[in-house]
Each structure stands twice: as C-alpha cells, then as structure tokens.
There are 2 protein chains.
Amino acid sequence: MQTEDMIMISVDDHLVEPPDMFEQVIPAKYRDQAPRVERTPEGNDVWVFGDAVIPNVGLNAVAGRPKDEYGVDPTAFDEMRPGCFDVHERVKDMSAGGVLACMNFPSFPAFSGRLFAACPDKDLALAVTQAYNDWTIDVWCAAYPERFIPMALPVLWDPELCAAEIRRVAKKGCHSLTFTENPAALDEPSFHDPHWDPMFRALVDEGTILNIHLGSSGKLAVTAPDAPMDVMITLQPMNICMAAADLVWSRVFKEFPTLKVALSEGGTGWIPYFLDRLDRTYDMHHLWTGQDFGDRTPSDIFRDHILTCFIADPVGLALRDEIGIDNICWEQDYPHSDSSWPEAPEELNRMAAKYAVTDDELNKITHENAMRWYRFDPYSVRPKDRCTVGALRAEVVGHDVSERSMSQRHKQRSNISLAEMAANATA
Amino acid sequence: MQTEDMIMISVDDHLVEPPDMFEQVIPAKYRDQAPRVERTPEGNDVWVFGDAVIPNVGLNAVAGRPKDEYGVDPTAFDEMRPGCFDVHERVKDMSAGGVLACMNFPSFPAFSGRLFAACPDKDLALAVTQAYNDWTIDVWCAAYPERFIPMALPVLWDPELCAAEIRRVAKKGCHSLTFTENPAALDEPSFHDPHWDPMFRALVDEGTILNIHLGSSGKLAVTAPDAPMDVMITLQPMNICMAAADLVWSRVFKEFPTLKVALSEGGTGWIPYFLDRLDRTYDMHHLWTGQDFGDRTPSDIFRDHILTCFIADPVGLALRDEIGIDNICWEQDYPHSDSSWPEAPEELNRMAAKYAVTDDELNKITHENAMRWYRFDPYSVRPKDRCTVGALRAEVVGHDVSERSMSQRHKQRSNISLAEMAANATA
C-alpha cells in the first residue's frame with residue numbers, strides 16, 4: 001500500500017486543556033471553584049484546583065520540538081505548539097500528519113481524573129468531572145465530529161455515579177471511558193472487588209470501552225531514586241501488563257462477558273510472550289488455584305476482551321498473528337515525546353513492508369479495528385476518499401510543521417529529576 | 001536432533017538445604033549460632049536463625065507431585081522428594097530427567113542471601129555466608145563436579161567483603177555469584193551508586209558472572225492483596241526486566257566492560273520487545289538524558305553483557321535471532337512448580353522442531369552457552385558421549401519418577417494466601 005492511501009486513526013493522543021475550558025461548561029454555582037490557570041511569578045502557567053497546583057500544564061507536550069529539548073516540559077501555553085490545546089490548530093496538525101481521527105487522553109486531571117476524585121467536596125468534584133466531559137464531547141470533539149473519538153473521565157470515587165455518568169455521556173455518543181490501570185494503587189477497591197460492578201454493568205449496557213493508559217495508576221516504574229531517566233522511560237509500559245494480568249484472572253470478564261478494555265500506550269511486542277505465560281500458568285497451576293475457563297484458555301479471554309495498540313513496535317507487527325490481528329490498533333501519541341508526528345504514517349508503512357503486512361491487515365491496524373471497537377464512523381461525515389493520508393495532507397499544504405525551539409527562559413530550567421517526577425506521579 | 005542426543009545443562013535449579021549442612025562447615029565458635037532446623041508442634045520443619053524463622057523449608061519444592069497439590073508447599077523434609085536436599089538422589093533425578101548439569105539457587109537464605117545480611121552480628125553473618133558457600137562448593141558440588149555449576153552467596157552488606165569472598169571462592173573454582181535484582185529495594189545503594197564498584201571489580205577480575213534471579217528484590221509483583229494467585233505467578237518475571245533496564249542504562253557496564261550478568265528464570269519472549277524499546281528510547285531521548293554509547297546501541301550493550309534463559313518459551317525460540325543465539329540458555333527450575341521435570345528435554349525438542357531451530361543453535365541453547373558463560377567444563381571429568389540425555393537415562397533405569405502425593409496431614413493445610421506470600425517475600 002502507498003502511504004498516501006492509508007487511513008490513520010490514532011487511539012491514543014493527548015490534549016492539553018485550554019485555560020477557558022470550564023468557563024463554557026461549568027454550572028454558575030461552581031464557577032468560582034472550578035480549576036483555573038494561573039501564571040506564576042516565574043512565568044509558568046499552572047492549573048489550580050482547591051489546594052492542588054499542577055505545575056506541568058504541558059505534560060510532555062513536546063510535539064514539533066528539537067529532540068535535545070525533550071526533557072524540559074513547556075510550562076506555559078505560549079511555549080507550546082497551539083495544536084496541543086487549540087482544536088482548530090490540532091486538526092491542521094492531524095491533517096499535516098496524515099491522521100484522520102484520534103482519541104485524546106486528559107492532561108492536568110491525570111489519565112484517570114484522579115485530581116478531581118481527590119477533591120473533598122464531592123458535589124464539586126462531580127460538577128467538575130461532568131463539565132470536563134461536556135467540554136470534551138460538546139466543544140472539542142463536536143467542532144470536528146469526524147476527527148475525534150470522544151472519551152469521558154470516570155467518577156472514580158463512586159461506581160454508581162460512574163455508571164450514571166457512563167449512561168449520560170453515551171446519550172451524547174461517547175462510548176469510551178478513561179480509567180486507572182490499578183484502582184488499588186489509588187487506595188480504591190481492586191478490580192477483584194464487586195465494588196466496581198455498577199460501572200462494568202453500565203459499560204456493557206452502553207457498549208462503552210474502558211481505556212487503561214500506562215501510568216494511570218499514579219505509580220511510575222522506578223527502580224531507584226538515582227536511576228537515570230532512561231530507565232523509567234524504558235519501563236513505562238510495564239504496569240500495563242500488570243493490569244492485563246489482573247483483569248484476565250479476575251471475575252470481571254467472567255461476570256461481564258461483553259466488556260471491552262483497551263491497554264492504551266501499552267505496546268504490543270510483549271503480548272505474545274504474555275499470552276504464552278498466561279496459558280502456561282493456567283496449565284501448570286489452575287488445578288490448585290481454582291481458575292476455570294471451561295473449554296477456553298486465558299489467551300482466548302485476553303483476545304475476547306482486550307484491545308492493544310502501538311506507536312512503533314516491530315516485534316508486535318512481526319508477531320501480529322500471535323496477538324490477534326483484530327486486537328491491534330495504531331496510536332500516534334501526539335504531542336508526547338514518543339510520537340513520530342508528522343512522519344508517523346511513513347514510519348508505520350516502512351515497518352509494515354518489512355514484515356509483509358497485507359493491505360487487509362494494515363487496514364485493520366490503521367483504522368478498521370479502531371472504528372469497530374470504539375463504534376466510530378467518520379465516513380458518515382467525510383467521504384472515505386477524503387480520509388486518506390494523501391487527501392488530508394493536500395488540504396493543509398503550507399501548514400508549518402518545522403521544529404520550533406523553546407525560549408531561552410525555558411531552556412535554562414534544569415531537567416526535572418526522576419525523584420521529582422515520581423513524586424508528582426504519586427501525589 | 002533426537003532428544004536422546006541432546007546435552008542438557010540447566011542454569012537455574014534450586015536446592016533445599018539439608019538440616020546438617022552447617023555442622024560440616026561452620027567454625028566451632030559459631031556452631032551454636034548457626035542456622036538450624038527445628039520441628040514445630042504441628043510437625044513442620046523450619047529453619048531458625050537468630051530471631052528469624054523461615055517457615056517454608058521447601059520453597060515450592062513440588063517436583064514429582066500431582067498438579068492439584070502444587071499450592072501447598074511441603075513443610076517437612078519427609079514430605080519432599082529426596083532429590084531436593086540429598087545430592088546423591090538429586091543426581092539420580094537429574095539423570096532420569098536427562099540433565100547433565102545444573103546450577104542451584106539457595107532456598108532458605110533467599111536468592112540473594114538477604115536472611116544472613118539481616119543478622120545484626122556481622123561477624124556471625126560473614127561466618128554463616130562463608131560456611132554456606134563452602135558447603136555448596138566443597139560438599140554439594142564437589143560430590144559430583146561434572147554435574148554442578150557452583151554458585152556462591154554474596155556479602156550483601158559490604159562490597160569490600162563481597163569482593164574478598166568472590167576472590168576466595170574463585171580459588172575453589174566457583175565463578176558464579178547470586179545477587180539481588182534491585183539492591184535499592186533491600187535498602188542498599190542502587191546499581192547506580194559507586195558503592196558496589198569493589199564487587200564489580202572482583203567479578204571482572206575473577207571472570208565471575210552475577211546472577212539475578214526473579215523475586216530476588218524481595219518484592220513480588222502484586223497488584224492488590226485480593227488478586228488471585230494466578231496474577232502473581234503470571235507477573236513474576238516482570239521485576240527482572242526492571243533490573244535489565246537498570247543495568248543497561250547505568251554506569252556499571254560502561255565502567256566494567258567485561259562484566260557478565262544472568263537474568264535467572266527471567267524468560268526470553270519479552271526480550272526482543274525490550275531491546276526495541278531500549279533502542280527507541282535511546283533514539284528519541286538520549287539528546288536530553290545525556291546517555292552516550294558511542295557507535296553502539298543499548299541493545300548491543302544488552303547482548304554484550306546479559307545472559308538470558310527460559311524454561312519453555314516458544315516466543316523466545318521463534319525470535320532467537322532478535323535476542324542473540326549466544327545469549328540464550330535453557331533452565332529446568334527443578335524442583336519448583338514451573339518445571340517440566342522429568343520430561344523437559346522432550347518439551348524443549350518439540351518446540352525446537354516447531355521453530356526450525358538448527359542443531360548448532362540447539363546445542364548453544366542446551367549446553368554450549370552455559371559452558372562458556374559459566375566457564376564450566378564437564379567433559380574433563382565425563383566423556384562427552386556419556387553426557388547425553390540418552391546416556392544419562394540409561395544409567396538410572398528403574399529410578400522412580402512417578403508422582404507422589406503428600407500426606408493427608410499436609411493436604412489439609414489451607415493454601416497460603418497471596419497477602420501471606422507477599423509478606424514473607426518482603427520480610
């Protein structure tokens with residue numbers, strides 16, 4: 001397949017929330033208490049919510065930046081590429097990168113919305129969560145419905161309220177919920193506790209997929225405080241396989257046989273090994289652990305329920321048959337530092353050629369699986385022949401995608417330390 | 001290759017220490033303080049050392065037991081297969097399983113010997129550690145020098161003493177040291193601290209390999225206290241990739257370019273993905289993290305320094321070229337519950353045939369790599385034609401390898417809980 005003929009849907013990108021987002025959607029009685037952006041004396045923009053101050057509004061929003069500046073998060077909106085927080089600019093960046101559509105995870109509330117869950121006033125927390133979801137669905141995504149898969153934040157502190165929110169946003173066409181990879185790590189009941197059943201029930205009733213993003217337990221994979229930053233970057237996807245094991249062996253998939261879960265930014269190359277390990281564990285140990293999948297295996301259960309995705313993962317492509325070709329999506333990770341924007345389609349197509357991926361297989365990975373798992377239909381708005389990499393790029397000829405350096409002020413900020421990052425992550 | 005013509009060396013088995021081990025080797029002044037076995041009123045055998053009581057003398061010593069009894073550790077020597085703790089019986093079990101030689105990790109002192117390191121009397125701790133090593137090398141291994149790769153415990157609390165012990169046992173022909181996958185998890189300085197340099201210096205001077213066994217950080221991969229046991233079993237190998245990342249990115253391999261490290265019981269199927277992730281992390285991030293490997297890549301560094309092994313790992317065999325055929329060994333894991341003893345050679349050969357492993361490749365995996373990395377030469381004692389699976393089995397025709405159930409007393413003991421296991425592991 002020619003790169004220009006590919007249709008690209010990314011199931012894991014990120015938005016940086018613009019400062020005015022709550023003004024448009026929060027009920028008047030909570031307006032003064034909603035999260036707001038403040039500029040510090042040092043010239044940084046921070047989100048403030050109650051006692052919480054979130055220092056890195058950019059959360060690694062480095063798209064379009066030279067690689068030697070990756071370590072310094074932009075800490076003010078005017079240091080960031082506008083596509084991070086401005087939906088019209090984002091769509092231009094997507095088109096320039098050949099990407100038809102994407103799903104965006106939150107930044108300042110954390111992937112699972114745990115910032116809001118930590119608010120002691122639960123009425124306020126719910127109002128803010130719902131306002132966030134309304135803004136995401138009705139403002140950001142609705143501006144270009146064929147370009148965004150909407151995703152909602154959960155109500156982490158109350159499964160019944162969470163179920164109600166899943167049903168509320170489903171009525172607006174949102175069938176995707178972000179969640180944590182391990183609620184026990186956030187001092188909530190684990191996946192093994194019936195506590196979460198109302199949420200799972202609402203998910204299967206509404207055909208909504210649960211998305212578990214790496215790092216969403218709030219715990220980084222850190223070996224030691226003095227380990228080089230590279231160690232943490234390498235190990236980031238590890239927690240996600242803990243979530244996969246937790247769910248496969250839990251009662252959740254037994255009780256909710258149509259539930260779907262996505263391992264967001266989890267990669268794919270480790271999965272064949274993981275599936276073998278699941279099946280060998282079952283074979284060697286189920287007689288004493290009491291696990292019983294009837295005539296099926298744990299790897300069958302994985303493929304029935306779990307969607308995987310990758311940014312660039314040659315091993316996963318080589319072993320696509322072992323993973324399951326219907327269980328693999330592509331992701332771009334814009335604007336984070338693992339992204340290959342705006343050359344990601346070329347990178348994927350080179351790998352696909354190397355591993356003799358057929359056109360049918362490539363179409364599943366680039367967009368068909370995403371459309372099916374997320375119940376997303378862009379063609380009802382935009383004809384398919386205008387959805388290709390080539391067609392989208394032709395619409396934004398001249399859009400500037402060249403690298404832009406940060407200001408000197410930012411370059412002088414020393415790199416954040418691993419210990420500091422870990423502290424932020426678990427705060 | 002016919003299974004009977006294979007030569008099998010296992011780089012990860014386990015011994016259960018016999019009650020009389022210290023009597024033979026401890027200096028007289030420490031005889032009363034050495035670890036000893038006591039029988040509890042319930043009829044269990046426990047090791048006692050100072051205030052520490054180690055309840056599971058068998059540590060999962062379930063070889064030759066029906067699978068529905070795997071969950072209950074034998075807690076008395078008379079419930080265990082004698083091959084666990086009696087070297088003459090062990091050699092018969094090895095021959096019946098077609099295994100020429102093996103390296104054995106410790107049981108009651110923990111994989112890294114941290115039980116001894118926890119002793120407040122450091123003179124006593126050193127005497128016990130040295131006695132343990134003397135017994136392992138001079139008694140257990142020396143009984144059949146062509147059948148065992150000797151391995152020593154480290155002096156965890158003092159790198160200079162550890163270096164001296166490495167040099168002392170090297171004079172006896174021992175070139176293998178067990179260690180922890182993460183010293184920081186044991187409240188010692190991390191791999192990134194020059195603290196350990198005397199140990200690394202002694203290792204490279206003596207050509208001794210450092211062995212990092214999964215679980216040797218004392219931390220199990222546990223998602224939640226109420227998670228099913230299967231979750232922990234599945235995830236056990238995860239910590240070991242943290243150790244691999246820790247070491248590849250550390251200064252250790254840069255400072256000690258001939259150092260060798262084995263990831264014991266770490267599996268192999270995850271490694272191609274891990275190597276890709278190392279190289280992508282380097283490509284995307286080294287300009288700001290400051291890593292510099294010159295004209296080499298992190299995956300080159302991995303292959304220069306790290307030995308991997310597997311029990312049964314089809315993905316690792318399929319992707320052996322991506323791992324490096326000189327970096328893969330086989331292990332049997334006798335007498336633990338992941339072992340396929342006494343049919344392990346057949347299991348490996350079936351997989352090798354499935355993935356078209358050549359005879360040359362299979363010889364590297366089954367024994368040649370182990371002989372080279374561990375500087376082990378069984379042929380000087382036993383002619384090569386007597387080292388094969390077929391020749392060894394012929395020597396012990398009639399040796400009973402049938403399954404044996406535990407006594408009723410043991411079956412009635414309820415399964416140990418995951419929380420209890422985690423507490424033991426971190427004790």
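First the proteins, then the strands, lettered A, B, ... as listed; each starts at 1.
Note: B:P314 leads B:P314, B:P298, B:P189 in heavy-atom pairs under 4.5 Å with chain A. Interface check for chain A: of the options B:V248, B:T268, B:D313, B:I311, the most heavy-atom pairs under 4.5 Å are formed by B:D313. When each of B:G316, B:A244, B:C241 is scored by its heavy-atom pairs under 4.5 Å with chain A, the top score falls to B:C241. Interface summary for chain A: among B:D276, B:L278, B:N182, the most heavy-atom pairs under 4.5 angstrom belong to B:D276.
Ring centroids of A:F274 and A:W270 are separated by less than 6.0 Å, placing the two rings close together. Ring centroid separation for the pair A:F191 and A:W249 does not come in under the 6.0 Å cut-off.
Taking the charged nitrogens against the carboxylate oxygens, B:D197 and B:R251 do have a contact shorter than 4.0 Å, which makes a salt bridge. With respect to the salt-bridge test (charged N to carboxylate O, under 4.0 angstrom), the residues B:E347 and A:R280 qualify.
When only modelled atom types and interatomic distance are considered, A:D193 and A:S190 share no side-chain donor-acceptor pair under 3.5 Å.
Using bins of under 30°, 30° to 60° and over 60° for the plane-to-plane angle, the ring pair B:H285/B:W288 lands in the perpendicular bin.
Proximity to chain A involves both the backbone and the side chain of B:D230, based on heavy atoms less than 4.5 angstrom apart. Residue contact with chain A, scored on non-hydrogen atoms closer than 4.5 Å, involves the backbone and the side chain of B:A312 alike. The contact between B:D246 and chain A is made by backbone and side chain atoms together, counting heavy-atom distances below 4.5 Å. Contacts between B:I271 and chain A at a heavy-atom distance below 4.5 Å are absent for every atom of the residue. Proximity to chain A (any heavy atom under 4.5 Å) is shown, for B:L275, by neither the backbone nor the side chain.
Contact of the B:H14 side chain with the B:P335 side chain is registered, since non-hydrogen atoms from C-beta on lie closer than 4.5 Å.
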